[in-house]
Structure formats: C-alpha cells, structure tokens
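Working notes for the structure below.
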2 protein chains.
Amino acid sequence: MLQITRDGEYAVRAVLFLAGRAEGALSLISEISEAQEVPKSYLSKIMQHLVRAGLVKSRRGARGGFYLARKPEEITLREAIEAVEGPIFLNVCLIKKGECHRDEFCPVHQVWKEAQKRLFEVLDGKTMAQLVIDGESLLKKKPKKKSARKSPASV
Amino acid sequence: MLQITRDGEYAVRAVLFLAGRAEGALSLISEISEAQEVPKSYLSKIMQHLVRAGLVKSRRGARGGFYLARKPEEITLREAIEAVEGPIFLNVCLIKKGECHRDEFCPVHQVWKEAQKRLFEVLDGKTMAQLVIDGESLLKKKPKKKSARKSPASV
DNA sequence: ACATTTAGGATGATTTTAGTCCTATTTAGC
DNA sequence: GCTAAATAGGACTAAAATCATCCTAAATGT
Ligand code: SF4
Ligand code: SF4
C-alpha cells in the first residue's frame, strides 16, 4: 500500500523516546509503551528487533532496560525504520538489478530510482537528535491553538 | 512494506502501453497482457479500475477494446498508480489532520509530510507521454551492452 | 444469429499485519 | 542463595491485504 507499517512507526517512536533521555539512561518497556502509546507486548517485539539491528542496547534483569547504542546525532530516521522493516524498496525493480527483467528498457524504472533517492534524502536527512529538538519547539509553540495575538490570559 | 503493489505496477504498465498506441486506437486485454507481461485475468480487473477511475475508456463487444480517456501528456505516473491503489499516504498521519492524534506535537509528522511532497514531485513530474519518449530512447541506446565504441558490426 | 469483447461478481490461496501470551534467561539486591 | 525485576524469544492468532482465477452477463460489430 506504499505505507509504512506499524512496526516502522513504533520503532521510530521508541528510538525517538530513547533519544530524548540522558545518554546511557535506561528506559523500561512499560515507560516507552506508555509515553509513546504502543501496546506493551507489541513493543517488546519491536525492541528486540532494534537491539538485534544494533540500534539499541539492552540490559536484562532487575534495573535493566533499553538505551541507544549510538548517539542520537548518529541515528537517522531511515535507520530506525529499516531496522525493523528491512530495507525500503519502492518497487521490486529497486531490490537489485535484474529483479525485474524489464528494468533495462523500462522507462518507469528510472522514475522509481529517482523517487526512492528523493525519499531517502528526506529520511536520511533527519537524525534523532534533530527530531528531539524539533519536538521541543513544537511543544513550546503550540500549547493551544487560536492564540489571541497578544495576551496569553483570556475568558 | 512501503512498496507499490502489483495492482499499481500493472496499472502503470497498462496505461503506458495505451499511451504508446495511436490516439484513440483500441487495444485488447490480450494484447496488453502479452506485451506487458501481466496475467490476463488479473489485468482484466485492473482495466476495470482504470475505466472507473476515468483514465481509460472501453468499448465492449466485437472490435472493442481500451483506449486512453485523455492525452498521454495529461496523465501522470501518480495518477495511474492512484487510480487503482487509491491515494498514497506514506503514513497514517497524512490521511487527514487528526488521523493520528499525536500529529500536532509530533516532530516526525513534518518529515513524512516533506517526504511525501518530494515523492509526489517525482511521480507528478512524469507524464505518460514523457515515459513513452524515455522508453524509445532506452530501446535505441541499449540493444546490447558492452558496445564496441565504434563499429556496430562485430564477430 | 453469432462471435467477440469488456463488465462484474464470486471465490480462494497465500502472505502480511498487528498483535497476544507464555516461558526462559539474566541480573540486582537482600 | 533467593527472589523480584526485566528483557529474550518463540508460539500462536485474527483479520486484512495481496495476487490472483473463473464464470456469467451484457454489449456490439458483422
Ligand atoms: S517499473 Fe519497470 S523495471 Fe520496475 S518493476 Fe515495473 S516494469 Fe519492472
Ligand atoms: S509520525 Fe507522528 S503524527 Fe505521524 S503517525 Fe507517527 S506519531 Fe502520529
């Protein structure tokens, strides 16, 4: 359907959450689940994937939890997504040369190539660090909408 | 999976085929199916969708067939895809405001918005007419690879 | 009439999606 | 060493999407 799955969406939320914590601080599944509104048991699977993909590290047992394996500046949005969804290919012919045998003479192939490149430019261009900053600005700017241009108090 | 479905892929192939015919010329399902390597019975459904979407017109009965409802210059790649797949939304929050209730304070939302915009720029930027031309160039340029830089004859 | 074509619906196998749940293992702290 | 707290991992499932096939109805040119 040319849409990201819940896996990818939840992975981004989880990684973004960890990026917002102090470096190396441990977060519990239950914390992440509640803050990011992801079903706890489902999130458990997502975290496993993220650990295996090397994006997140975990400590088991009492006082365990999850933390980022790398600094938020070094994790892109695309990486978070692909860690759980696998590599993105907008069409089968982008998987590898010859995957679609029409690729050599197909004019549409080139367009998908370009489209994917452009998509990646956006997804690679955002790091978790930047997203955390963006998120903070959003919270500051929009506590309520329809702000009466001057005085913050009203009614 | 963030990948176009066979529906979309086949729709593009079919519309592109029709775009390559003379204006108003009728093409049979069997012709399109064979040329574009799409299962005939499946293609039948795709063509129905394209007709209902208003991209293609059909004539039933003997000497019937399909032809483009508009000129190839006026049909974009995105239209061909969305005609059978429905509108593209890279993430649920792009469907409409409030579809994801986090959208107002979610920094990732903005990125998806930008990503989709860029994707659409590419998909909207290619018309069927242009793709036909592109296809012709590809056929001229690459009859064989590893061309011996000068003489076309060899062995 | 008849052959040719598309229209449309019913059906179905397989895969993906979006989860849940239970047990095993690891670890900290007492 | 025991125990409580956590993650690891696998089994399982319901529902939906994907990728088709097949059959009958309707339309149309000759
Ligand atoms: S766009 Fe062209 S090359 Fe890519 S899958 Fe479709 S036919 Fe094959
Ligand atoms: S990116 Fe943000 S707004 Fe969009 S679906 Fe995810 S959480 Fe919601």
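Bear in mind that the values here come from a model prediction, so they are computed numbers and not experimental data. Each chain gets a letter, A, B and so on, in the order the sequences are listed, and its residues count up from 1. What's counted below: heavy atoms across the whole structure, side chains too, no hydrogens, waters or symmetry copies.
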Would you please name every residue forming a salt bridge (Lys or Arg N to Asp or Glu O under 4.0 Å) with B:E34, sequence neighbours left out?
none

Encode nucleotides 22-30 of chain C as B, S and - characters from 5' to 3', where the letter depends on protein heavy atoms closer than 4.0 Å: B to the base, S only to sugar-phosphate, - to neither.
---BBBSS-

Taking only residues two or more places apart in sequence or in another chain, which ones pass ring pair (Phe, Tyr, Trp, His ring centres under 6.0 Å) with B:Y42?
B:Y10

Length of the CG-C1' vector between B:L43 and C:dT6, whole Å:
12 Å

Quick one: label A:T5 by what it contacts on the DNA or RNA (base, sugar-phosphate, nothing), any heavy atom closer than 4.0 Å.
sugar-phosphate

Note down the inter-axis angle between the two ends of the helix from C:dA1-D:dT30 to C:dC30-D:dG1, five pairs each, to the nearest 10°.
10°

Between C:dC21 atom C1' and A:Q48 atom CD, what is the distance in whole Å?
13 Å

So B:L123 and B:T76, do their side chains get closer than 4.5 Å, heavy atoms only?
no

Contact span of DNA chain D against chain A, any nucleotide atom under 4.0 Å from a heavy atom, 5' to 3', runs D:dA5 to D:dT18

Which donor-acceptor pairs under 3.5 Å do side chains of residues 11-21 of chain A form with protein atoms, sequence neighbours excluded?
residue, atom, partner, partner atom, Å
A:R13, NE, A:E9, OE2, 2.7
A:R13, NH1, A:Q36, O, 2.8
A:R13, NH2, A:E9, OE2, 3.1

Sequence neighbours excluded, the answer for ring pair (Phe, Tyr, Trp, His ring centres under 6.0 Å) partners of A:F66 is none

Judged by nearest nucleotide, the residue sitting upstream toward the 5' end of DNA chain C, B:S30 or B:L2, is B:S30

By the ring pair (Phe, Tyr, Trp, His ring centres under 6.0 Å) test, which pairs, at least two apart or in different chains, include something from residues 88-111 of chain B?
none

Return the value, rounded to whole Å, for the distance between atom CE of B:M47 and atom C1' of C:dG8.
15 Å

Calculate the interatomic distance between A:E85 atom CD and C:dT17 atom P; express it in whole Å.
8 Å

Those residues that, when tested against A:E136, pass side chain to side chain donor-acceptor pair (under 3.5 Å) (two or more places apart)
none

Please give, in whole Å, the distance from C:dG19 C1' to A:E9 CD?
16 Å

Looking at residues at least two apart in the chain, or sitting in another chain, which of them share a ring pair (Phe, Tyr, Trp, His ring centres under 6.0 Å) with A:Y67?
none

Euclidean distance, atom CD1 of residue A:I29 to atom C1' of C:dC21 [Å, nearest integer]:
14 Å

Any base atoms under 4.0 Å from A:S58, or only sugar-phosphate, or nothing? Heavy atoms, all strands.
sugar-phosphate

Ionic contact status for A:R78 with A:E85, cut-off 4.0 Å
no

Check the distance between C:dT4's C1' and B:L26's CG and give it to me in whole angstrom.
13 Å

So does A:R102 pair up with B:E37, basic N to acidic O under 4.0 Å?
yes

Where each residue is assigned the nucleotide of DNA chain D containing its nearest heavy atom, which of A:K45 and B:P39 is assigned the position nearer the 5′ end?
A:K45

With side chains defined as the heavy atoms from C-beta onward, is the minimum distance between B:E104 and A:L138 less than 4.5 Å?
no

By the 4.0 Å heavy-atom rule, please label B:M1 as base, sugar-phosphate, or nothing.
sugar-phosphate

Using whole Å, report how far NE2 of B:H49 lies from P of C:dT6.
17 Å

In residues 12-25 of chain B, which ones come under 4.0 Å of DNA chain C, going by heavy atoms?
none

Indicate if B:I81 and B:I95 have the same hydrophobic cluster label, given that clusters are the connected sets of ILVMFWY residues with side-chain heavy-atom separations under 4.5 angstrom.
yes

Only pairs under 3.5 Å count here: list side-chain donor-acceptor contacts from residues 51-58 of chain B, not counting sequence neighbours, and write none if there are none.
residue, atom, partner, partner atom, Å
B:R52, NH2, B:Q48, OE1, 2.8

Side chain A:D103, main chain A:G98, donor-acceptor under 3.5 Å:
yes

